[in-house]
Structure formats: structure tokens, C-alpha cells
Amino acid sequence: MSARIEVIETDITRLKIDAIVNAANRSLLGGGGVDGAIHRAAGPELLEECRKLCGCNTGEAKITRGYRLPARYVIHTVGPVWRGGVRNEEKLLADCYRNSMKLVKKYRLKSVAFPAISTGAYGFPSDKAAEIAVRTILEEVDIADMVQLVIFCCCNSECRKYHEKVLEKLRNG
Ligand code: ADP
């Protein structure tokens, strides 16, 4: 069965879902933006578990429990810092989505929500990032038969519109 893919505009920490993805940094010890919001909502136990993971390379992903979040798990992935597109940023961003989906499948999760990885402090252009995010997920869900729902969770209307536009474009041909 192919997964339903949705674009919504809300705070990702509020979603009652199997897993939310965190746009973390390589230390996995918390930061600003969505990372800070997830740690605040999950409570100090999340940081305790993250300490044991010994960081994470750019493009890779690691999983923890969700603690006080409504989500059961948090998948921590490290997006690339945008440096004009000449440092392999596009492939590394696709790796984030691909490696996060690998964990979704490994843990047999049915639903997952992604923030717009790298588009905040890391400066990746939002339109380009949305194209990579949607394209990579469409490639992954075909073979991910346990996954029933993938959400792109945006926190502003610009982000939502970019994802909706790409999703429509890629679905129709
Ligand atoms: P990065 O360092 O990967 O750029 P940021 O957290 O700075 O990560 O931003 C990633 C994206 O997450 C941005 O589009 C930002 O607007 C968005 N964001 C920030 N807080 C939240 C939240 N609570 N829920 C969903 N998206 C969020």
C-alpha cells in the first residue's frame, strides 16, 4: 500500500504520530529552532538519551523515544548548512530524508512528520529544499509498505505552499 502524503502548517511538537523528525545539529545535544522546541516539549530525558548517541554526521539519522511528546519516537537527522550549493548540500539533504525513512521502516512505524530540514538557521533555500524533500519521499514510500502517512510539517505559509506546489507537480507527472 502506498502512503498518504500531506502538507500541514503547525508546530511539529504537537503531533500525535509515531515519529517526528528533528532537524538537529551534529552534537545532538539540542539547539535552536525546531530542535529547541522538540527538546523543550520532550523534557530532559530526551537530552539524556541523545547524550548516549555520541552525535550524528550530516545526512545521517538516529532514533530516540519521544518522552513527553505526543509522538512515540524522535528521529534526529542533521541537515547540511547551505554554502551556495557547491558542497554537496542537495545530496546531503536528500540523505536526511532517505536515512530517516530507513529508520521509519526498520521500526515498522506507520506515520512520520518532517520539518523543512536545513531551511532555518542552516539557510537552505526553501523552494529547493521542498523539491528535494518531496521528491525523495515519493521515491521512498513506494517501497515502504508499512508506512501509511508522511507529513510535511511547515511552520509558515511560504513553506507550506512550496511543498504543496512540488507535490502537485510531481504527482501529476
Ligand atoms: P536547520 O538548522 O536545519 O535550518 P531550524 O530549526 O533552524 O533547522 O529550521 C528548520 C525548519 O523548521 C525551518 O523552516 C523552521 O521555520 C521550522 N521550524 C521551527 N520550529 C518549528 C516547529 N516547532 N514546528 C515545525 N517547524 C518548525
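One is the number of the first residue; the rest follow in order along the sequence. Indexing begins at 1, ligand by ligand and atom by atom, following the structure's order.
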Given side chain to side chain contact (heavy atoms under 4.5 Å, CB included), test Lys102 with Lys106 step by step and report yes or no.
CA-CA 6 Å; Lys102 268 193 193 152; Lys106 184 173 170 190; over 6 Å; no
Does the side chain to side chain contact (heavy atoms under 4.5 Å, CB included) test come out yes or no for Thr64 and Glu45, once each step is laid out?
CA-CA 10 Å; Thr64 64; Glu45 295 96 334; over 6 Å; no
Criterion salt bridge (charged side-chain N to carboxylate O under 4.0 Å, His left out) on Glu48 and Arg51, from CA distance to verdict:
CA-CA 5 Å; Glu48 281 310 303; Arg51 278 190 214 287; 3.5 Å; yes
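Ligand 1 is surrounded by Thr10, Asp11, Ile12, Ala23, Gly33, Val34, Ala37, Ala116, Ser118, Thr119, Gly120, Ala121, Tyr122, Cys155, each with at least one heavy atom closer than 4.0 Å.
Using modelled atom types, one side-chain atom of Asn156 and one backbone atom of Cys159 make a donor-acceptor pair closer than 3.5 Å. The main-chain N or O of Tyr97 is never found under 3.5 Å from a side-chain atom of Glu140 such that the two would form a donor-acceptor pair.
For the residue pair Ile75 and Ala19, the shortest heavy atom distance occurs at CD1-CB, 4.1 Å.
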